[in-house]
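Some notes on the structure that comes next.
First listed ligand is number 1; within each ligand, the first listed atom is number 1.
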Amino acid sequence: MKTVVVYKSISGFTKKYAEWIAEELEAELLRLKKIDIDILLKYDMIIYGGSLHAAGISGVSIIKDNLNKLRGKNIIVFATGASPSKESTVSEVRDSNFSAEEQKQIQFYYFRGGFDFNKLNLINKILMTLLKWKMKLKRDRTSDEKGMLGAYSKPMDFTKKENTKELLEYVCSLR
Ligand SMILES: Cc1cc2nc3c(=O)[nH]c(=O)nc-3n(C[C@H](O)[C@H](O)[C@H](O)COP(=O)(O)O)c2cc1C
């Protein structure tokens, strides 16, 4: 089965997961910036990875906007975010990014990435600074928010190769 892993990554966390998956599956690895839908149509299995930005999966429109063209192919999307991988987070991200109909065509996974403020571009730095102040002004911060605030001064990296296990097993079950 011809397989491709496509990713969009700003600070490298999604890239790391995409590299691990492509290596394990001996699949081609492509950056979203360099491709269009015609390239994806050459593959039987398409694995897309993007980071969460305000709960949206960055770059996933290349999949969502082309679901008709991609019909009959195996499609997997994974998102990475700073939030811990709780069942509630995963279902929230999945349900807010994909309709019930889209979920029939797309298998979704969430992997915890990390956060490195210094690697962000200016716009994202501004957005994340606003979020920082919003969290700072809150009276009762959750433990996740406390952890996130700490990550502004000390980058955090929660990437782990073993997080990809379930996705890899799913792919192998289709091959
Ligand atoms: C503007 C912005 C918004 C973000 N929103 C979320 C979010 O809603 N949920 C989350 O878990 N992480 C969020 N993050 C953190 C990133 O998703 C996380 O750092 C991710 O692992 C980055 O992956 P990348 O380096 O491959 O881009 C946000 C980061 C930025 C810059």
Could you tell me, atom by atom, which parts of ligand 1 come under 4.0 Å of a heavy atom of [X]?
{"X": "A55", "answer": "7 (C), 8 (O)"}
{"X": "T14", "answer": "23 (O), 24 (P), 26 (O)"}
{"X": "S51", "answer": "17 (O), 20 (C), 22 (C), 23 (O), 24 (P), 27 (O)"}

Among all protein heavy atoms in this structure, tell me which lies nearest to [atom], with the distance rounded to 0.1 Å.
{"atom": "atom 11 (O) of ligand 1", "value": "S83 OG, 2.6 Å"}
{"atom": "atom 27 (O) of ligand 1", "value": "I10 N, 2.8 Å"}
{"atom": "atom 18 (C) of ligand 1", "value": "G114 O, 3.1 Å"}
{"atom": "atom 2 (C) of ligand 1", "value": "M128 SD, 3.3 Å"}
{"atom": "atom 5 (N) of ligand 1", "value": "A54 N, 2.9 Å"}
{"atom": "atom 20 (C) of ligand 1", "value": "T80 OG1, 3.5 Å"}
{"atom": "atom 1 (C) of ligand 1", "value": "N124 OD1, 3.4 Å"}
{"atom": "atom 16 (C) of ligand 1", "value": "L52 O, 3.6 Å"}

Please answer whether the main-chain N or O of [Y] pairs with a side-chain N or O of [X] as donor and acceptor at a distance below 3.5 Å.
{"X": "N66", "Y": "K69", "result": "no"}
{"X": "Y48", "Y": "I75", "result": "no"}
{"X": "E145", "Y": "T142", "result": "yes"}

Exercise. Checking side-chain contact (heavy atoms from CB on, under 4.5 Å) for the pair F78/F108: CA distance, chi angles, key distance, verdict?
Worked result: CA-CA 6 Å; F78 71 87; F108 175 72; 5.8 Å; no
Exercise. Is it true that F115 and Y152 have ring centroids separated by less than 6.0 Å?
Worked result: yes
Could you tell me whether [X] and ligand 1 have an N or O pair separated by under 3.5 Å?
{"X": "F13", "value": "yes"}
{"X": "K8", "value": "no"}
{"X": "L127", "value": "no"}
{"X": "K15", "value": "no"}

Can you confirm whether the side chains of [X] and [Y] place a donor and an acceptor under 3.5 Å from each other?
{"X": "S83", "Y": "T89", "answer": "no"}
{"X": "K8", "Y": "S58", "answer": "no"}
{"X": "E28", "Y": "Y43", "answer": "yes"}
{"X": "Q103", "Y": "D95", "answer": "yes"}

Problem set entry | Sub-4.5 Å side-chain heavy-atom contact between R31 and V6 | no
